[in-house]
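Structure record follows, encoded as structure tokens.
We number each residue from 1, following the sequence as shown.
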Amino acid sequence: MKEQQPKSGIARLLQIAGRRKGLLMLSGVLAIVHSLLTLIPYGLIFYILKELLTSQVQSAEIGTYLTWALVAVVASMALMFASAMASHVAAFNILYELRCKIAAKLGKVPMGYLGEKSSGALKKILADDVERIETFIAHGIPDTIKAIALPVICLVYLFTADWRLALVSFIPLLLLLFIVPLMMGTEKSKKAMQKYHDSLEAMNAGIVEFVRAMPVMKIFGQSASAFTKFNGTVQSFHAHVNGWSKVSAPVWGMFLSFINNALLPVLAVGLYLLFQDNLTLPVFFLFLILGVGYIRPVFALISLSTQITMINHGVKRMDEILFEVEEQHSGDERVPTDFSLQFNDVCFSYTEGTEVLKKVNFSVPQGSITALVGPSGSGKSTAAQLVARFYDPAAGSVTIGGVDIKQLPGEKLMENVGFVFQDNMMFYQSIYDNIRMGAKKSREDIIAAAKIARCHDFIMQLPQGYDTRFGDKGVHLSGGEKQRIQLARVILKDAPVLILDEATAFSDPENEQLIMEACSELIQNKTVIIIAHRLSTIAEVDQIVLFNNGRIDAKGTHNQLLEKSALYTKMWNAHTRAKEFEINGKLIMAG
């Protein structure tokens, strides 16, 4: 079970702010003083009018008033700048720490968790949701404090001037404070915001998938509208936002129209009192200036209320990561006696009720090569992923040297296990850094690994050799070349246990030959699991484990399986026939 989050929403955000709370408090105090100073020029105007209408005032006195007004304006602007600087410094530091915290957490959760999350959804959390927090902290918090402090200070001052007009001026604020929470706090509004975030995440995931599938789309002459997932998520998001806007726009329109014309009641009541000689002209002018003008900063709270609701959902999604159960291992850490692998009654399900692996038992002796084969969906790739703890077995155990991998810290497990997958991830960094992957290795070690992986020659032909940045200025590599870069990484790592997931699946014959030569050197004296589809590449391995429907159908060498397994014989015959096919009656040899 996940840990119980102690707080949520803005309270949780302030908790995340941690040691930056001091800067936020400073920003708030400066914002309050700024609000107070902004009222001084209006108060001075009131006193100037009062003096002009009640007595003979000297130009020197007016000059003094204007000087103080100018000082107040300059000081107010300086404090506003200082408040903004404090909030921005706090915001940028909080963003940095929050992104680091989320990234560090993602490195501790089971790797299968990342497989279940779309890259679009994670991008929204790490980029959009976190960035929205920056906007709120840097601008929203000072604006909120000003929106609260300015009306309070202003109303206190107006009540000292004339309580009757102050009450009339207070009505728009009262309506604002009553209607906005009523509209934003309904269950319907909360569900609409939840749907907004869900549809936005789905659209982000669809966009990422569409961009990745664009080459295929172009080949078949398809447009974006033909890409069902992308088109469906965009249309769903559009329909939700459009419908939400149509429902809320009339209500908000009438409300804002009333607020923007809230001067009319003050003007009517003020004129009535003025003609009844119950109000002086300077006080009347004061209320015309401040009586409704003070409410302008409060308008920020309207957009802020929507922003806060979105932030609450964003914080909730961040906490779904931050409170995710980390990869567990026993406190009793043991050291493997060797690097043999053992599957003991392993069962596993991606979804409850659907078993992918059913009591799988097999062993891989140290220094031997075992191939996992079987029809698509038989469970062979899942079994290999369990060795890397992408997921943990629902029952049974996977051991290295007699030690359950759950008893090995993640760093220790990763030191001892290397992977070569079909997908070749390249970073927007130099080829040198793409091979090194943060390892503390010398340049000579990097070059030596590249030579073993058969990629040194094509690297030296790049514009800056090993210092060439991948993806920069048209620098791209073929699938086979990227595969060999990945092999160089694993060679540099020199892990005693290797998992090769069809390393040559998408390579042309020339690259396949080079990759096979590199693999033959890579696997020397190591414990190796190969996930194979081309049976001809694993005919000479020490052991073949045949999977079928989540169970082990047979184990043995290539010749042994041909004798005792009908399924393996069928797969071998199909593989052999696939090497020969006819076009217009002509025999073509494949592979």
Side-chain angles (χ1 to χ4, degrees), residues 216 219-220 341 343 346 348 350 354-364 368-387 419-424 478-480 483 486-487 498-520 522-523 528-591:
V216 178
I219 289 172
F220 290 95
L341 284 172
F343 277 65
V346 171
F348 177 76
Y350 290 105
T354 305
E355 280 194 312
V356 179
L357 296 178
K358 308 164 187 176
K359 291 202 174 281
V360 170
N361 289 279
F362 70 92
S363 60
V364 183
S368 67
I369 303 173
T370 293
L372 308 184
V373 301
S376 296
S378 59
K380 54 187 182 296
S381 293
T382 300
Q385 289 175 347
L386 294 183
V387 178
F419 311 90
V420 178
F421 295 124
Q422 296 179 21
D423 297 328
N424 307 302
S478 68
Q483 189 74 52
Q486 187 175 182
L487 281 170
L498 291 176
I499 300 174
L500 308 179
D501 186 0
E502 197 57 57
T504 63
F506 303 113
S507 301
D508 56 73
E510 181 181 356
N511 272 302
E512 180 177 1
Q513 177 63 31
L514 293 171
I515 291 171
M516 291 300 293
E517 291 175 1
C519 285
S520 65
L522 173 64
I523 63 179
V528 182
I529 289 181
I530 299 176
I531 303 170
H533 297 90
R534 300 181 185 179
L535 298 184
S536 58
T537 61
I538 50 94
E540 302 299 326
V541 300
D542 300 307
Q543 177 185 218
I544 298 174
V545 178
L546 177 62
F547 281 77
N548 186 28
N549 195 28
R551 300 182 185 275
I552 293 182
D553 187 83
K555 291 182 287 187
T557 63
H558 170 70
N559 291 329
Q560 288 171 342
L561 291 185
L562 284 177
E563 293 177 1
K564 66 181 182 180
S565 173
L567 175 59
Y568 186 81
T569 302
K570 180 181 177 182
M571 291 173 59
W572 176 255
N573 291 336
H575 173 71
T576 305
R577 289 195 302 270
K579 291 185 175 183
E580 300 179 359
F581 59 95
E582 293 185 357
I583 298 179
N584 293 332
K586 295 182 179 179
L587 182 64
I588 306 295
M589 299 299 294

Please report the interatomic distance [atom1]([X]) to [atom2]([Y]), rounded to the nearest 0.5 Å.
{"X": "Gln560", "Y": "Gln543", "atom1": "CD", "atom2": "CD", "value": "9.5 Å"}
{"X": "Leu372", "Y": "Leu546", "atom1": "CG", "atom2": "CG", "value": "10.0 Å"}
{"X": "Glu540", "Y": "Thr557", "atom1": "CD", "atom2": "OG1", "value": "9.5 Å"}
{"X": "Leu341", "Y": "Thr370", "atom1": "CG", "atom2": "OG1", "value": "8.5 Å"}

Minimum heavy-atom separation for [X] and [Y], please, with both atom names.
{"X": "Ile530", "Y": "Val528", "result": "CG1-CG1, 3.7 Å"}
{"X": "Val541", "Y": "Ala371", "result": "CG2-CB, 4.0 Å"}
{"X": "Ile552", "Y": "Asn361", "result": "CD1-O, 3.1 Å"}
{"X": "Ile499", "Y": "Ala384", "result": "CD1-O, 3.5 Å"}
{"X": "Leu357", "Y": "Gly379", "result": "CD2-O, 3.5 Å"}

Exercise for review: Check the angle between the aromatic planes of Phe343 and Phe362 and answer parallel, tilted or perpendicular using the 30° and 60° thresholds.
Suggested key: parallel
Exercise for review: Take the angle between the ring planes of Tyr350 and Phe348 and call it parallel below 30°, perpendicular above 60°, tilted in between.
Suggested key: perpendicular
Check your understanding: Any donor-acceptor pair under 3.5 Å linking the side chain of Lys380 with the backbone of Pro375?
Key -> yes
Review point. Are the side chain of Thr569 and the backbone N or O of Leu562 linked by a donor-acceptor pair below 3.5 Å?
Key: yes
Practice item. Kindly check if the number of other-residue, nucleotide or ligand heavy atoms within 6.0 Å of NZ (Lys564) is above 12? Key: yes
Point to revise | Close side-chain approach of Tyr568 to His558, heavy-atom, < 4.5 Å | key: yes
Review point. Any side-chain heavy-atom pair from Lys358 and Asn549 closer than 4.5 angstrom?
Key: yes
Exercise for review: Please name all residues satisfying side-chain hydrogen bond (donor to acceptor under 3.5 Å, both in side chains) with Asp542, sequence neighbours left out, ordered by chain then number.
Suggested key: none
